[in-house]
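The sequence lines fix the lettering, A, B, ..., with proteins before strands; numbering per chain opens at 1. Note: hydrogens, waters and symmetry copies are ignored here, and every other heavy atom, side chains too, is used.
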Amino acid sequence: MIAGVPELPRNDLLAEQFDLLADLMELEGGDGFRISAYRKAAARIRETPSSVAQLALDGKAKQLQGIGKTIEAKIVEVVDEGEIRALTKRKAEVPAEVATFMRLPGLGPKTARRIWQELGITTAADLKAAAEAQGLRGHAGIGAGTEEKIAAALARPKATEGPRRALLGTTLPKLRAVVEVLREHPASVEVSLAGSARRMRETVRDLDIIATATDAEALVDYFCSLRWVVDVAARGSTKATVVSHDGSRFDLRVVPPESYGNLLQHFTGSKHHNVALREDAVRRGFSVSEYSVTEVESGEEHSFAREEDVYRFLGYDWIPPELRENGGELAAARKGALPALVELGDLRGDLHTHTTWSDGKDPLEEMVASAQARGYAYYAICDHAQRLRGDLLGQQSEQIDALNELITSDKNSAPFRILKGIEVNIRPDGTLDVSEEDLATRDWVVASVHSRFDHNPTERVLGAMESPYVDCIGHVTNRKIGKRTPSPVDVERVIEKALETGTFLEINSQPDRLDLTDLHARAAREAGLKLVIDSDGHEVGALDFVELGVGQARRAWLTKDDVLNTRTWKQIEKLRKKRA
DNA sequence: GCCGTTTTCGGCCCGACTGTTTTCAGTCG
């Protein structure tokens, strides 16, 4: 933050205000379309990579889909006064905890409102007591069943918070294993992932699988009888939900083959994508459901076995699942202007990995062998500088030289080079923890913040990029999903400085990092910056994490050209900053 | 409150499930 310039409200906090305003208006029984307009605006704000407060001050927030004159003015109110005036007013009218009632299973705004206004209950504690004393049944449209659900939900800790989301990196392998097992069953025809896992979101909640089968019931039976299933939560003839030992819930839906395309499209989402697709379809005289597309005038229905044909019929190119977030993909698909997204197979090397020379779990030879087996042409060993003091850096260097020589002399081996990389710390005072002299001996230098995350993170990163030896900044925001909130780094300034200095930024593929985020990576792409997708792997198995990084990059609309390490090492050497 | 290949006014995604209101509103994804 620059002295004298007040800090603008962050997008997520702005979005929260609009969501809360929508909740409170809904509880008061306000106009549903206005409420939904606020929610749409909140989603748009949350998914905008640059500061929406700044855009509003510049009069440009109106250009965002779903934000008009009135909402732009309300954003300016937040900048000026800290809160939307209408929100301040409604907070005085609606008791604070009533809005959390809506998040209990089975309760929506209407019932929450009646609990508050007809029964005078205003806190979760009072609601719990009333439910346990059976004082709710018979009132406010609540019967014994709903009352029991309320009591059970409130007995659980954090009942009024949303359900937890699991990391994609831990969930995807399990989900794929289930898909594979189902594919092998004789009754199955098509089996696919759906939901947020298919879209490669960094975290997932619903584990959805869609299938077609010659005998739906047989496939559902088989699914329910898999040996890791500890509980069958629901089971019908075409659909079941099972729970595994770690508490993951898997949904299988077996659908008719003739509408497999429609259903896969529907269950892949996102919700915002589907709503926008359907609104657009309505304007063109179609009605889209999960089963078919209906021509409103004639009533003629069209169902499709292939997802591509659903999009094509509606006038779009097929949209890769990673883009389906209502972030401009529909307009681009209509114009035939979707980017050709980067693919896992485009990566030619990994530029951030570790070995037992620092905190890695597998030795250098094994990491290198694994990289060769993946078909890489180069591979940077970036052990932590602080673990390579004294003679150790020289010793590691000798080992790399020897191994490179061995690989080169092997006539059966494809061209491959181990790069002498290093990961240096950006200290709290902004200096690097390695001398320029040592840095000059390395092929590739990653600089990262590993301590005092909240201490001037932006200035520290900007300073590190000034070094002629720093090629790439590691995990820019230092977040750990679900564990550590991102440092308050001004990513827009970091991107600007990266372009100015010729420094690259990484998409770190560790499942709990995925840092840069998809939004930041998209902003970087739009600014014209190339990004590195690397594993930050500390063991052989972790080299596979780049698939998650590629997913993140695809969600950020990155093409092969936008990713530095789709190039040869020679090309990278030409593109990077010149050393002093 | 937003938006526009009919529209600056009059619309605003769609269907399934649930529980309870005996005919459907509310909730969910």
Side-chain angles (χ1 to χ4, degrees), chain A residues 18-19 21-23 25-27 29-45 61-75 84 86-87 101-115 136-150 153 162-163 194-196 199 204-208 210 234 236 238-239 241 249 251 253 255 259 262-263 265-294 296-297 301 303 310 314-315 326 330-331 334-335:
Chain A
F18 282 102
D19 272 331
L21 177 58
D23 285 352
M25 283 180 65
E26 201 166 31
L27 283 165
D31 171 50
F33 294 114
R34 230 171 112 195
I35 290 163
S36 116
Y38 288 139
R39 294 224 167 95
K40 272 186 200 169
R44 178 62 58 217
I45 291 167
K62 288 189 289 293
Q63 291 167 11
L64 298 169
Q65 184 78 217
I67 295 181
K69 222 167 73 181
T70 310
I71 288 182
E72 180 171 274
K74 285 181 157 54
I75 297 169
I84 304 168
L87 176 59
F101 295 175
M102 289 168 30
R103 268 163 246 150
L104 294 167
L107 287 195
K110 300 277 164 54
T111 316
R113 181 186 183 198
R114 294 183 65 185
I115 289 173
L136 298 179
R137 59 183 64 182
H139 303 283
I142 295 170
T146 304
E147 185 183 66
E148 278 165 27
K149 278 211 284 193
I150 292 173
S196 48
R199 303 198 313 277
V204 295
R205 191 181 59 198
D206 305 314
L207 311 182
D208 293 320
I210 302 290
T238 61
K239 167 180 162 172
T241 301
R249 295 167 70 90
D251 276 344
R253 288 162 209 266
V255 305
S259 19
N262 303 76
L263 280 143
Q265 193 286 320
H266 173 75
F267 284 110
T268 297
S270 68
K271 187 187 169 189
H272 292 309
H273 172 85
N274 284 350
V275 168
L277 178 89
R278 288 170 178 202
E279 283 174 350
D280 197 30
V282 166
R283 286 194 283 274
R284 292 162 205 277
F286 298 108
S287 171
V288 177
S289 82
E290 51 259 66
Y291 303 106
S292 64
V293 179
T294 307
V296 175
E297 206 154 300
E301 287 195 42
S303 47
V310 177
L314 290 168
N326 194 25
L330 289 166
R334 185 164 291 285
K335 287 187 295 192

- Message: Both A:Pro109 and A:Ser36 contact DNA chain B. Taking the nearest nucleotide for each, which residue is further toward the 5' end?
- Response: A:Ser36

- Between B:dC3 (P) and A:Arg34 (CZ): distance, integer Å: 16 Å

- Side-chain donor or acceptor of A:Arg278 paired with backbone N/O of A:Phe286 under 3.5 Å: no

- Message: If the condition is side-chain hydrogen bond (donor to acceptor under 3.5 Å, both in side chains), which residues does A:Arg44 pass it with, not counting sequence neighbours?
- Response: none

- Note on the structure: Note on DNA chain B: ranges paired as stems (three or more Watson-Crick/G-U pairs in a row, both atom distances under 3.5 Å) are B:1-4 with B:9-12, B:14-19 with B:24-29

- Between A:Thr70 and A:Leu107, which has a closest nucleotide on DNA chain B that is more 5'? A:Thr70

- B:dC2 versus B:dT8 - spacing of their C1' atoms, nearest Å: 12 Å

- Message: How many whole angstroms separate atom CE of A:Met25 from atom C1' of B:dG1?
- Response: 9 Å

- Task: Look only at the side chain of A:Ser289 and the backbone of A:Tyr291, and say whether a donor-acceptor pair between them is shorter than 3.5 Å.
- Result: yes

- Message: For a quick check of understanding: with a heavy-atom distance under 4.0 Å over all strands, which category does A:Ala144 fall into, base, sugar-phosphate or nothing?
- Response: sugar-phosphate

- Message: One character per nucleotide, please: for nucleotides 10-18 of chain B, 5' to 3', B when the base has a protein heavy atom closer than 4.0 Å, S when only the sugar-phosphate does, - otherwise.
- Response: --BBBSS--

- Message: Within the 4.5 Å heavy-atom criterion, are A:Thr146 and A:Thr111 side-chain neighbours or not?
- Response: no

- Out of B:dC3, B:dT20, B:dC2, minimum distance to the side chain of A:Ala37 belongs to B:dC2

- Item | With sequence neighbours excluded, residues passing ring-ring contact (aromatic ring centres under 6.0 Å, His included) with A:Phe267 | none

- Message: Applying side-chain contact (heavy atoms from CB on, under 4.5 Å), can you list everything that pairs with A:Glu279, at least two apart in sequence or on another chain?
- Response: A:Lys40, A:Val275, A:Arg283

- Sorted by chain and number, sequence neighbours left out, salt bridge (charged side-chain N to carboxylate O under 4.0 Å, His left out) with A:Arg39 holds for A:Asp23, A:Glu26

